[in-house]
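This is a predicted model, so every value here is computed, not measured.
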Amino acid sequence: MITPSPAPSRALTLIAAGALVGGLITAAASSTAVAADITGDFQAASPGSVPSGWSVATAGGAATVEDVPNTVDRSLRLRDTSTSAPVTASVSFGATSSTVIAGFRLRADQSSATVGVHLDSAGGHSVTVAMGANGRLYTYDGSTKVDLGTYAANRWYDIRVVAQPSTATADVYVNGARKATALAFRTTTTALGSLQASVSTADTGTAWLDDVRTVTESTPRTWPHIGSVAPRTARQIGDSKLLIGAETLDRGYTDYRAFAPYLGELGATRTRLQAGWAKTEKTKGVYDWAWLDTIIDDAASRGIKPWVQLSYGNGIYPGGGGSGLGGHIPDSAEALAAWDAWVSAAVKRYKGRVTEWEIWNEPNLAGIPVKDYTDFFIRTAKLIRAEQADSVIYGPAEAGIDVAYVKDFLVRLSDQGKTGLLDGVSYHPYNPNPDDAWTYEQVDKVKALIEQYDPGTVLRQGENGAPSRPGSFGALGDLDWTELSQTKWVVRRVLNDLGRGISSSVFSISDLHYPSKINSKGLLQTNSDKSIRYAKPSFYAVQTVASIIDNTVEPIPSYGWSASPSAPLTVQAFAKRTGGQQIVGVWSGTAKPSESNTRTATDLTFTAGKFQDPVYVDVRTGAVYDIAASDWSRQGNTYTFKNVPVYDSPVLIADRSTVKL
């Protein structure tokens, strides 16, 4: 009999506010208190008020909610006018010995005052992130100051702290990049209880705090926490089958300059772009490539290979086709001739920087007959190959997995002897449960069609994601979502795809601002002006996948496993191409991701394993735990792991050599 592990304590603090400051306030923390959910929104607070749930000390000035100048945002402002008294603001989440993941945005009006944010215990500041009076961000490793780089006045910084009371250590991230790891607490404690921000007593200045979020994550077992997965940039990884979407830039629904700093930090090695005929050719025969040049060159500088979709029409031509989602292909003689000229010019311009192209977006959603799409595909692909003989071409980028549409497309290509123009079939399988058996049954049918009509053509999941809040624009937007369920959904989809050897593209890097409403499928939360507020938990979870599952590993098909108690788990296994050490992902994929992180202790047996020193990785949080020797055993190639905490988000049993901390 296996007893389920206790449900993890989980507290979420969401306070849309505006700055983090560091002072010298201590928060009393009861050793028996239970970490509690704290929710709030500075946007709803009245200007001049102290936000509900916060405590302030204002002998040196004021700490109130205010409108941020030149924006529509409202944040917590700390204004220090004294050199002999501090200004502080603090909020308690209840004492907890669990891991605390704290996120917030911090901004200072100057770079000449010390502004800090702290995670506190009853004994004082345990973790500090601060803006120094010398224009440098810093933290502490014990009592030693650790530099985190420069900062600029009047600019927001997205900060994430992962603090582990069990080891009295912390990791610090700035704008999606891990800047310091395994930092010793300033004040050792077994229980953190509050977050505090302040301006230094000796300085005067103004700071803003926003989007304060704390989540507590209980240790899933008594296994020792040994660190967190080290993020790797796209340039460090080099190549993988994990891709990130940067769509809709052609229509201005996102801002490349805003999300670009996060792009390489994510670790995905390719990004999907739409080339934007209508954006490029606003006057007949005149092309302005400057916007796309900037994007493609910048992405390449970050180690990311663009794959470019030639898609959407141009309204300056009669019959020029639709210029947005569900748009029809051009159909007049003038428009088709202009399309031909634009495609040839695009490929000629970018063939030294782009090798992968995709023709049109979701023609089945637009109701384009297969015959018309196929003929249009052939027309366009021939133009691409004429300019770039070694190009890689994908189609039909269909909505869902429409097996009949793919079949008719392949049949017509084959009948015309044009299958050589097609290198890959891409599809967009949106469904509430990313493990839904139907999805991969259709994928297998498409694979069979490819083998029949065009062997060697590959499959690519070209666009997929889930919203992070209810009421999102587009697919799945009618369902309830949170940042937690989005994170689980994304990593389940990606690992399902990668475990089958399919390239997987996450939609999208940033929230998208459609004319009617926001599509919240982004890994980055945005402001109304499309600038970035903060990296969502899904960003860091994808970072973890990118760091571990790159092209140095390969999927293991038909991996042998069993579970006790018996459960319909999803298992996707990988092995290092050199050495064969394994990484096995396990999760419950029977339903849409839930809002619970309750884990079930499960015995897992792998019949053809290869592990020398196994560790447990929670993909969602990036936390890595050593599996106690008493909880795993080996008989030949059969490995058994006892009481593994399993839930509806992927965990990995991985050889330690495959996981860099």
Side-chain angles (χ1 to χ4, degrees), residues 13 15-27 42 50-51 54-69 71 73-91 102-120 124-140 145-161 163 170 172-175 179-180 183 186-187 194-214 533-534:
T13 303
I15 301 173
L20 295 161
V21 252
L24 277 185
I25 175 176
T26 60
F42 292 169
V50 174
W54 286 73
S55 299
V56 299
T58 56
T64 54
V65 173
E66 303 294 345
D67 292 325
V68 181
T71 74
D73 205 10
R74 189 169 292 170
S75 302
L76 178 60
R77 186 186 71 183
L78 290 88
R79 174 167 286 177
D80 191 333
T81 57
S82 168
T83 57
S84 60
V87 175
T88 66
S90 61
V91 61
F104 51 86
R105 291 196 301 143
L106 180 60
R107 167 179 156 171
D109 284 2
Q110 65 292 307
S111 57
S112 56
T114 298
V115 174
V117 179
H118 317 273
L119 288 179
D120 285 346
H125 300 327
S126 289
V127 186
T128 294
V129 178
M131 293 175 162
N134 60 350
R136 309 290 299 187
L137 283 162
Y138 67 91
T139 184
Y140 287 93
K145 187 178 288 189
V146 176
D147 186 78
L148 299 175
T150 61
Y151 75 92
N154 298 309
R155 176 181 172 186
W156 287 104
Y157 290 83
D158 171 20
I159 310 295
R160 182 183 191 238
V161 176
V172 174
Y173 298 73
V174 179
N175 293 341
K179 294 294 188 178
L183 299 166
R186 295 181 69 187
T187 300
S194 65
L195 180 144
Q196 182 233 71
S198 69
V199 179
S200 171
T201 299
D203 298 323
T204 61
T206 300
W208 301 83
L209 180 65
D210 209 347
D211 294 303
V212 179
R213 309 167 311 282
T214 68
R533 292 187 76 88
Y534 61 85

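Using a cutoff of 4.0 Å between basic side-chain nitrogens and carboxylate oxygens, D67 and R74 are scored as salt-bridged. The pair R533-D73 meets the salt-bridge criterion, since a charged nitrogen lies less than 4.0 angstrom from a carboxylate oxygen.
By the 30° and 60° cut-offs, the orientation of the rings of H118 relative to H125 is parallel.
Distance alone, capped at 3.5 Å, is enough to place a donor-acceptor pair between the Y151 side chain and the G132 backbone. The backbone N or O of T206 sits less than 3.5 Å from a side-chain atom of Q110, completing a donor-acceptor pair.
T139 OG1 to D147 CG: the interatomic distance, rounded to the nearest 0.5 Å, is 10.5 Å. To the nearest 0.5 Å, the span separating CG on D211 from CH2 on W156 amounts to 8.0 Å. Rounding to the nearest 0.5 angstrom, the gap separating the OG atom in S112 from the CG atom in N134 is 10.5 Å. Atom NZ of K145 sits about 9.5 Å away from atom CZ of R186, to the nearest 0.5 Å. Here the straight-line distance linking atom CZ of R213 with atom CG of L195 works out to 11.0 Å at 0.5 Å rounding.
Contact check for R79 versus V87: no side-chain heavy atoms found under the 4.5 Å cut-off. Taking the side chain as every heavy atom from C-beta outward, L137 and V174 approach each other to under 4.5 Å. By the 4.5 Å heavy-atom criterion applied to side chains, Y157 and M131 are counted as neighbours. Residues T204 and T81 have side chains not in contact (no heavy-atom distance under 4.5 Å, counting atoms from C-beta outward). Here the side chains of Y140 and V146 are not in contact, with every heavy-atom distance at 4.5 Å or above.
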**Request:** Test L183 against V127 for side chain to side chain contact (heavy atoms under 4.5 Å, CB included), laying out the working first.
**Result:** CA-CA 9 Å; L183 299 166; V127 186; 5.9 Å; no

**Item:** Derivation of the side chain to side chain contact (heavy atoms under 4.5 Å, CB included) call for V212 and W54
**Value:** CA-CA 12 Å; V212 179; W54 286 73; 4.2 Å; yes

**Message:** Run D109 and N154 through side chain to side chain contact (heavy atoms under 4.5 Å, CB included) and show every step you take.
**Reply:** CA-CA 5 Å; D109 284 2; N154 298 309; 3.4 Å; yes

**Asked** Under the side chain to side chain contact (heavy atoms under 4.5 Å, CB included) criterion, do L148 and V129 qualify, and how do the steps go?
**Response** CA-CA 9 Å; L148 299 175; V129 178; 4.3 Å; yes

**CA sep, side-chain torsions, deciding dist, call: R77, T64, side-chain hydrogen bond (donor to acceptor under 3.5 Å, both in side chains)** = CA-CA 5 Å; R77 186 186 71 183; T64 54; 4.5 Å; no

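When all heavy atoms of Y138 and T114 are compared, the pair lying nearest together is OH-CG2, 3.3 Å. Across A63 and L78, no two heavy atoms sit closer than the pair CB-CG, 4.1 Å. Residues V199 and G205 share a closest heavy-atom pair of CG2-O, 4.2 Å. Residues S200 and D80 approach most closely at O-OD2, 3.2 Å, considering heavy atoms. Contact record, T187 with S126: O-OG, 2.8 Å, taken as the closest heavy-atom pair. A163 approaches A170 most closely through the heavy-atom pair CA-CB, 4.1 Å.
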